[in-house]
Amino acid sequence: MAEDCDNLSIQRLVDEHLDAVYRYAYRLTGTVQDAEDLTQQVFLLAQQRLEQLRQAQRARGWLFAILRNLFLKSIERPQPVAATSLGMNLETVAAVTEPGAAVDAAVLQAAIDELPPEFRIVVVMFYYEDCSYREIAEKLALPIGTVMSRLARAKGHLRARLWKTDAALGTGKAVAGAIERALGG
Amino acid sequence: MDYLARRRQEMLEAMESCRTGSDDLSDRAFAELADALADDGELRVHFQRVQETDAAIKAAFADVPVPPGLAERLSHRLAESTPADPIAIQVVAGPESPTPLRPDSAVRRSKQFSGRRLAIASAAASLAAIVLAPILVAVWMHAHRAPSITAGRAIDEAVDFFNRDNGPLGPLVSQVAPPADFPMSTGIAPLPQVRWRRVEKFLGGPAVAYDLPAMGGRATLYVVNRTVADLPSSPPQSPTLTTGGNSAAAWQSGNLLYVLVVQGDARTYADYLDQSPLT
């Protein structure tokens with residue numbers, strides 16, 4: 001049975017979800033200071049709107065939604081993303097590194113920071129919040145095709161930065177060939 | 001971008017949209033990808049590597065050290081921002097709540113008014129019911145005197161149905177022939193991997209749904225034996241309705257009503273239409 005929120009205090013939300021909210025904020029903003037500021041804004045707003053939270057089990061998702069909204073509002077005059085800025089080269093997207101390769105934390109954050117905010121939030125929701133592409137589309141009010149496209153481009157960008165997958169073009173072409181066979185081309 | 005390149009890109013995007021350790025691949029929108037993975041070992045190996053790479057990145061995403069003292073700094077800020085209005089809090093608490101409210105309870109004081117609000121709302125609802133009842137009865141009678149629906153409403157209901165439609169995948173049209181009385185529209189492009197299934201009730205009657213291959217999102221053509229006035233006899237080149245990330249249009253062929261609903265914009269919708277010149 002769902003636990004109601006009659007006894008849910010802001011302090012309890014802090015105790016249970018502060019770390020998760022901070023990590024989310026850090027992945028989006030890329031700096032400790034900005035992440036801390038954003039985290040504080042999230043909980044300050046949560047404190048004002050605590051009556052909106054109906055079930056304690058949904059607290060994390062509710063806090064994440066506040067965080068996303070604050071982040072999106074904080075982006076001043078978002079610049080349209082040129083199609084070429086993250087041009088999804090088929091080979092780049094398709095090529096992946098060998099399993100087991102280590103992820104360098106600093107390189108990962110630098111790669112995330114390079115993404116335009118519209119792409120960054122999609123890929124953070126996918127990897128950190130474990131949202132499906134449908135959930136991302138619903139929560140951001142975006143067409144599903146847009147989400148899938150941004151996700152593929154952003155993931156390809158992260159892989160390219162993390163593992164220099166451009167060097168593995170052969171793999172990408174082989175995969176492209178396999179897809180064409182599947183499509184009957 | 002040519003048709004094949006676009007389809008290839010869409011399949012790559014579908015692959016990238018499957019979360020590691022999930023059952024996303026069973027999503028109807030990924031049926032074509034699932035079939036391709038079952039048939040092609042090379043593609044399967046690649047997909048496995050994408051998933052393993054995703055698992056490594058996903059683990060790294062959560063690996064962020066939390067600065068020491070953050071909880072204390074946050075608690076201090078929260079305490080500072082708590083509304084300091086002891087009189088209001090005391091009034092809200094009332095004589096039946098002698099226990100002092102904790103500071104963070106102040107922001108929830110509106111809940112304390114729920115009983116009074118409920119009484120006002122009940123009275124308002126009763127009044128509205130008395131006033132509106134004759135109107136609602138008239139509307140109901142009018143609706144039941146007119147069994148036909150407008151084209152706009154048919155499309156609205158179809159989109160609503162599509163959004164809730166998660167019926168199991170049916171067989172491929174190329175393997176099991178669909179019912180002859182609910183044929184595929186000739187206005188739809190000759191696409192591969194089209195599946196069909198029966199729908200128990202669509203716009204008031206039994207129907208057949210043709211699930212078209214995904215071009216970024218789902219797409220379904222519904223066919224039902226129903227006549228709706230003022231519809232074209234072939235699919236419009238542009239969707240009649242674009243809402244919530246879906247595009248849709250309807251047309252009438254004899255007694256059959258066709259409604260195409262596509263997840264995507266007008267361009268995606270148009271990709272499903274047969275663009276070959278009329279002969």
Side-chain angles (χ1 to χ4, degrees), chain A residues 9-11 14 18-19 22-23 26-27 32 36 39-40 43-44 47-51 88 90 93-94 96-103 105 108 124 126-128 130 132-134 137 142-145 147-149 151-152 155-156 158-159 162 171 174-176 178-185, chain B residues 4-5 7-17 19 22 24 27 29 32 35-36 39-40 42-43 46 48-50 52-54 56-64 66-67 70-71 73-75 77-78 81-82 102 104-105 107-108 110-111 192 215-218 244-245 263-265 268:
Chain A
S9 67
I10 190 68
Q11 189 56 52
V14 172
L18 173 61
D19 290 0
Y22 173 80
R23 291 187 174 110
Y26 180 78
R27 288 305 182 201
V32 171
E36 185 162 338
T39 301
Q40 294 201 2
F43 283 100
L44 286 167
Q47 184 182 34
Q48 292 169 17
R49 299 181 180 176
L50 199 56
E51 76 275 10
M88 191 177 70
L90 181 64
V93 172
V96 291
T97 189
E98 290 297 332
V103 176
L108 173 62
V124 174
F126 181 82
Y127 280 126
Y128 184 74
D130 198 30
S132 71
Y133 72 105
R134 285 186 190 279
L142 289 172
I144 279 177
V147 170
M148 293 173 78
S149 170
L151 199 51
K155 289 174 68 180
L158 296 188
R159 283 199 298 264
L162 283 167
T171 306
V175 172
I179 292 174
E180 285 183 12
R181 284 197 299 279
L183 293 171
Chain B
L4 187 59
R7 299 289 314 283
R8 200 170 54 187
Q9 181 170 318
E10 284 164 359
M11 192 170 283
L12 279 170
E13 289 176 358
M15 243 188 288
E16 297 286 359
S17 298
R19 290 168 300 173
S22 74
D24 287 350
D27 189 315
E32 188 177 24
D35 289 345
D39 292 343
D40 194 296
E42 198 167 2
L43 200 60
H46 173 76
Q48 184 63 29
R49 289 171 67 182
V50 170
E52 288 168 353
T53 307
D54 272 356
I57 297 176
K58 183 179 170 63
F61 254 77
D63 185 17
V64 176
V66 178
L70 175 61
R73 289 192 293 279
L74 176 58
S75 294
R77 290 252 347 236
L78 289 169
S81 71
T82 300
R102 291 170 299 163
D104 59 88
S105 298
V107 294
R108 288 187 286 163
S110 61
K111 286 177 106 175
M215 297 191 194
R218 287 191 297 137
Q263 279 180 339
D265 56 15
T268 308

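What you see below is based on every heavy atom in this structure, not just the backbone, and it leaves out hydrogens, waters and symmetry mates. Sequence lines set the chain letters: A, B, ... in the order given, protein chains first and strands last, and positions in each chain run from 1.
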Asks: Roughly how far, to the nearest 0.5 Å, is the OG1 atom of A:T39 from the CG atom of B:L74?
Replies: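 B:L74 CG to A:T39 OG1: 8.0 Å, rounded to 0.5 Å.
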Asks: Answer with side chain, backbone, both or neither: which region of A:L44 has an atom nearer than 4.5 Å to a non-hydrogen atom of chain B?
Replies: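 Both parts, heavy atoms under 4.5 Å.
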Asks: When you look at B:D54 and A:K155, which way does the salt bridge (charged side-chain N to carboxylate O under 4.0 Å, His left out) test go after all the steps?
Replies: CA-CA 9 Å; B:D54 272 356; A:K155 289 174 68 180; 2.7 Å; yes
Asks: Provide the closest heavy-atom pair for A:L108 versus B:A60 in the form atom of the first, atom of the second, distance.
Replies: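 Looking at all heavy atoms of both residues, the closest pair is CD2-CB, 3.6 Å.
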Asks: Using non-hydrogen atoms and a 4.5 Å limit, figure out which bit of A:L162 sits close to chain B: side chain, backbone, both or neither.
Replies: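 Answer is side chain: those atoms of A:L162 sit under 4.5 Å from chain B.
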Asks: Nearest heavy-atom pair of B:P67 and A:V32: which atoms, and what distance?
Replies: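 Heavy-atom minimum between the residues: CG-CG1, 3.9 Å.
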Asks: Where do B:L78 and A:Q47 come nearest, in terms of heavy atoms and distance?
Replies: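 Answer, listing the atom of B:L78 first, then A:Q47: O-NE2, 3.3 Å.
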Asks: Can you sort out the partners of A:F126 under ring pair (Phe, Tyr, Trp, His ring centres under 6.0 Å), two or more places apart, ordered by chain and number?
Replies: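 Listed in chain order: nothing, the list is empty.
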Asks: Kindly indicate whether the side chain of A:R134, heavy atoms from C-beta on, has any atom under 4.5 Å from the side chain of B:D27.
Replies: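 Yes. Closest side-chain heavy atoms under 4.5 Å.
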Asks: Return the option, out of A:V147, A:V124, A:D130, with the maximum number of heavy-atom pairs under 4.5 Å with chain B.
Replies: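 Highest number of pairs under 4.5 Å: A:D130.
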Asks: Is it the backbone or the side chain of B:A59 that comes under 4.5 Å from a heavy atom of chain A, or both, or neither?
Replies: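 For B:A59, neither part sits under 4.5 Å from chain A.
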Asks: Taking B:L70, B:D24, B:D35 one by one, which has the highest count of heavy-atom pairs under 4.5 Å against chain A?
Replies: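 Answer, by heavy-atom pair count under 4.5 Å with chain A: B:L70.
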Asks: So does A:R159 pair up with B:E16, basic N to acidic O under 4.0 Å?
Replies: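 Salt bridge: yes.
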Asks: In chain order, what residues pass the side-chain hydrogen bond (donor to acceptor under 3.5 Å, both in side chains) check against B:D40, with sequence neighbours excluded?
Replies: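 side-chain hydrogen bond (donor to acceptor under 3.5 Å, both in side chains) check on B:D40 returns A:R181.
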Asks: Relative to chain B, which of A:Y26, A:F43, A:Y128, A:Y133 shows the most heavy atom pairs under 4.5 Å?
Replies: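 Looking at each option in turn, the highest pair count goes to A:Y133.
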Asks: Are side-chain heavy atoms of B:R19 and A:S132 found at a separation under 4.5 Å?
Replies: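 Yes, at least one pair of side-chain atoms sits under 4.5 Å.
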Asks: Just so I understand: if I count every heavy-atom pair under 4.5 Å between each of B:S22, B:S17, B:A62, B:A36 and chain A, which residue has the most?
Replies: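 The answer is B:S17.
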Asks: Atom CD in B:E10, atom CE in A:M148: separation rounded to 0.5 Å?
Replies: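 Output value for this atom pair is 8.0 Å.
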Asks: If you compare all heavy atoms of B:S75 against all heavy atoms of A:Q11, which two are closest, and at what distance to 0.1 Å?
Replies: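 What the structure gives for the nearest pair is OG-OE1, 3.5 Å.
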Asks: To the nearest 0.5 angstrom, please state how far the CE atom of B:M15 sits from the CG atom of A:L151.
Replies: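 The distance works out to 13.0 Å.
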Asks: Is B:R218 close to chain A through its backbone or its side chain, or both, or neither, when contacts mean heavy atoms under 4.5 Å?
Replies: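 Side chain only.
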